[in-house]
Structures are given as C-alpha cells and as structure tokens.
Amino acid sequence: MFLGFQKNQTWWSQNIDENLKLKVTGDSKNILVKNHYLSCDPYMRLLMKNQSTEIFDPYTPGAPITGLGVSKVIDSRNPELKEGDLFWGITGWEEYSLLKSSEGLFKIHHTDIPLSYYTGILGMPGLTAYGGFYEVCAPKKGEYVFVSAASGAVGQLVGQFAKLMGCYVVGSAGTQDKVELLKNKFGFDDAFNYKEEPDLNAAVKRYFPEGIDIYFENVGGKMLHAVLLNMRVCGRIAVCGMISQYNCDQPEGVHNLMSIVYKRVRIEGFAVADYYPQYSKFLDFILPYIREGKIKYVEDIVEGLENAPTALIGLFNGRNVGKQVVVVSSQ
C-alpha cells in the first residue's frame, strides 16, 4: 500500500518529510517516484474538457492531474527501473507519485545536460519538433518555412532545425520581446508580432512574397486562414497544435480550404508518440548540437508546485517566454 503525501494537506509537517521512508509493498510492479520538474503543455487544457483526445484520456475531477515531468525513482518493484534512476515521462502533479507501469517512461542517461531540459528540448517538445519537421514536413535546402507560436517549447526548435537545413525561416509571436528573441537568439531570418498585424494575410504575404513551402502549425484560427492563401504549390503543413482554439466553446471553422486543392497542399497532423521509437536516434542528433552551443533553448522556470496552475494558465495568454517548467524539487 502507498499513501500519497502532499504539502497542502493539513497534517503535513517538515519533520515527517525528513524522516518518513516511503516504500512500494505487495506483488505489484509499481514505481514510487519523487517528481523534480513538471512540464506545462497546451494539450493539458484539452484534457480538462469532458472529451477524449484519442491520445490521452480526460482528467478525473478530484484526482491529481498528470503531465510530463522529470522524476527520480524512490522505490520500485518494476524490473525496468531501479531506485535512484532518473527518467522523464507521464507523472502526477504532486510531490510523489506511484506509477503502475514503466510504459512511456524514458530513462535519463545524459546528466551533463540540465535535467529540466528533459521536459523540453530532450523530451516531448524536442521529439515533437524533430518528428514534425523532419518526418512530416520533409524539408529541402532553400525552402521557405513559417512557424507560428515560434518562441514556444516546440517552435523555437523547429526554426533552428530549419536553419540547419539551409531554409529561410520566419516566426510569429505575441510580443516584441519574443520577436527579438527569435531573430537574435534563435537565428530566425525574420519574425513579426501577430497582435500588431490588423491583416494577417497581408502580413504573411509581406514576409513570404513568393509563398510558403512549409508551415509548422501551432495556433490555428485566423493564422491558418492567412497561411492557406499564401502556400506554394506542393507545400506542406504539419499540424502540431491549435492553441488559439483550446479555450473556445465552439472552435472556429477553417476558411480558404480550396487553396489546398489549387496549390496541391498536404496537411498532416501527428502525435509525438508516433516518434517514440526514434528517441535514441533523436538524442544522437540533438545532443552534439546542444553541447556545441549550436542549438539554443530558452526555459521559463517557476518555483514551487503551488505555482503550477498559474504557470499552466499563462500558456494561453502568452505570459511564458520559452518552455514553461515548474520546479517541484531540485534535490
């Protein structure tokens, strides 16, 4: 039996925290973990609705929500993970979690890189950017690439991957500071603040007078409508997410769909789980770039589990700059 302890329970004391030994008992293959870093991701908003995403089940009212995080094994009856192992994967938004399976958990072997990176560039967002750009978009040198929500956890990487391929890259973001970040830190060729553009079609056309070969879609809505009018023949759109629609009771319809026919545009959605089998290959690709400083990554770090809800909500009004991470415990 395992009792989950949370600091917001009235009977918690610091003395218990220091002296209590938590163990897994019984014949299960359960894994008891201490959570160090939690990842705030837009998809989590969808799980708060009473509907299935066909990838994740919706959250259960009254139970701790789950999400991606970096954790350390405290005790284990599972042969895949032993005490002291670090891993990233789905865990609870709590200090300690009891996991019933090791499926979807990735053991961390490279600890010379900040552990928080496994919520981002070395975790789900990194693999999302890698699979979505290289596999779905199939880029070629010299192509024109547009990335929306470009300063976020995934977008900042897609833009840098595109530059490594020799592409021309423009990103959109919601503040001037983020626009400068895209150009000056991540190496985008150009960027614009979509909130300052009264006509998104005109804005996209201004930055892509010859059209777009690849659009990495993170926002949906009016930005997608504008992009469809500016795609080149045989262009590709990788649909990673549509954050502008997640809080809508009635999501917007899509306009300008006949452009898909006229321009022979391919639109493809994807899920990061499709690329889990390529994780080792992805690490072989990304780690040298990180160590050599050829790929930059920006995190927005919040301290304390009690601040996690505010951090998650901030994703939907653009408060975060870079990957939003919550530190539960740094020890």
Using the ring of each side chain (for Trp, its six-membered ring), is Phe216 parallel, tilted or perpendicular to Phe270, with breaks at 30° and 60°?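 Ring orientation, 0 to 90° scale: perpendicular.
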May I ask you to decide if the ring planes of Tyr289 and Phe285 are parallel, tilted or perpendicular, using 30° and 60° as cut-offs?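 Correct class here is perpendicular.
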Is it the case that more than 12 heavy atoms not belonging to Lys183 sit under 6.0 Å from its NZ atom? yes
Kindly check if the number of other-residue, nucleotide or ligand heavy atoms within 6.0 Å of CD (Glu292) is above 12?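 Yes, because the 6.0 Å sphere around CD of Glu292 holds more than 12 heavy atoms from other groups.
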Is the distance between the ring centroids of [Y] and [X] under 6.0 Å?
X: Tyr275; Y: Phe282; result: no
X: Trp88; Y: Tyr279; result: yes
X: Phe146; Y: Tyr207; result: no
X: Phe106; Y: Phe87; result: no
X: Phe56; Y: Tyr43; result: yes

Tell me whether [Y] is reachable from [X] by hopping between hydrophobic residues (I, L, V, M, F, W, Y) whose side-chain heavy atoms are closer than 4.5 Å.
X: Tyr262; Y: Tyr215; result: no
X: Phe192; Y: Ile243; result: yes
X: Phe316; Y: Met44; result: yes
X: Leu157; Y: Ile290; result: yes
X: Val73; Y: Leu22; result: no

Show, in sequence, the C-alpha distance, side-chain angles and deciding distance for His225 and Leu200, and conclude whether the side chain to side chain contact (heavy atoms under 4.5 Å, CB included) test is met. CA-CA 9 Å; His225 304 163; Leu200 287 176; over 6 Å; no
Taking [X] for the side chain and [Y] for the main chain, is one N or O donor matched with an acceptor at less than 3.5 Å?
X: Lys49; Y: Tyr246; value: yes
X: Ser244; Y: Val219; value: yes
X: Lys263; Y: Met231; value: yes
X: Lys222; Y: Ala226; value: no
X: Asp75; Y: Val24; value: yes
X: Lys294; Y: Pro288; value: no
X: Arg236; Y: Val136; value: no
X: Ser101; Y: Glu103; value: yes
X: Glu143; Y: Lys140; value: yes
X: Asn30; Y: Leu98; value: no

Side chains of [X] and [Y]: donor-acceptor distance under 3.5 Å anywhere?
X: Lys323; Y: Ser39; value: yes
X: Asn35; Y: Ser329; value: no
X: Thr91; Y: Ser97; value: yes
X: Ser76; Y: Asn78; value: no

Would Gln160 and Gln156 satisfy side chain to side chain donor-acceptor pair (under 3.5 Å), going step by step from the backbone distance to the final call? CA-CA 7 Å; Gln160 292 179 83; Gln156 60 177 288; 4.7 Å; no
Kindly indicate, with the supporting measurements, whether the criterion ring pair (Phe, Tyr, Trp, His ring centres under 6.0 Å) is fulfilled by Tyr118 and Tyr37. CA-CA 9 Å; Tyr118 287 91; Tyr37 297 95; 9.9 Å; no
Criterion side-chain contact (heavy atoms from CB on, under 4.5 Å) against Phe208, the qualifying member of Asp213, Val170, Asn230: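 In the set Asp213, Val170, Asn230, the residue that makes a side-chain contact (heavy atoms from CB on, under 4.5 Å) with Phe208 is Val170.
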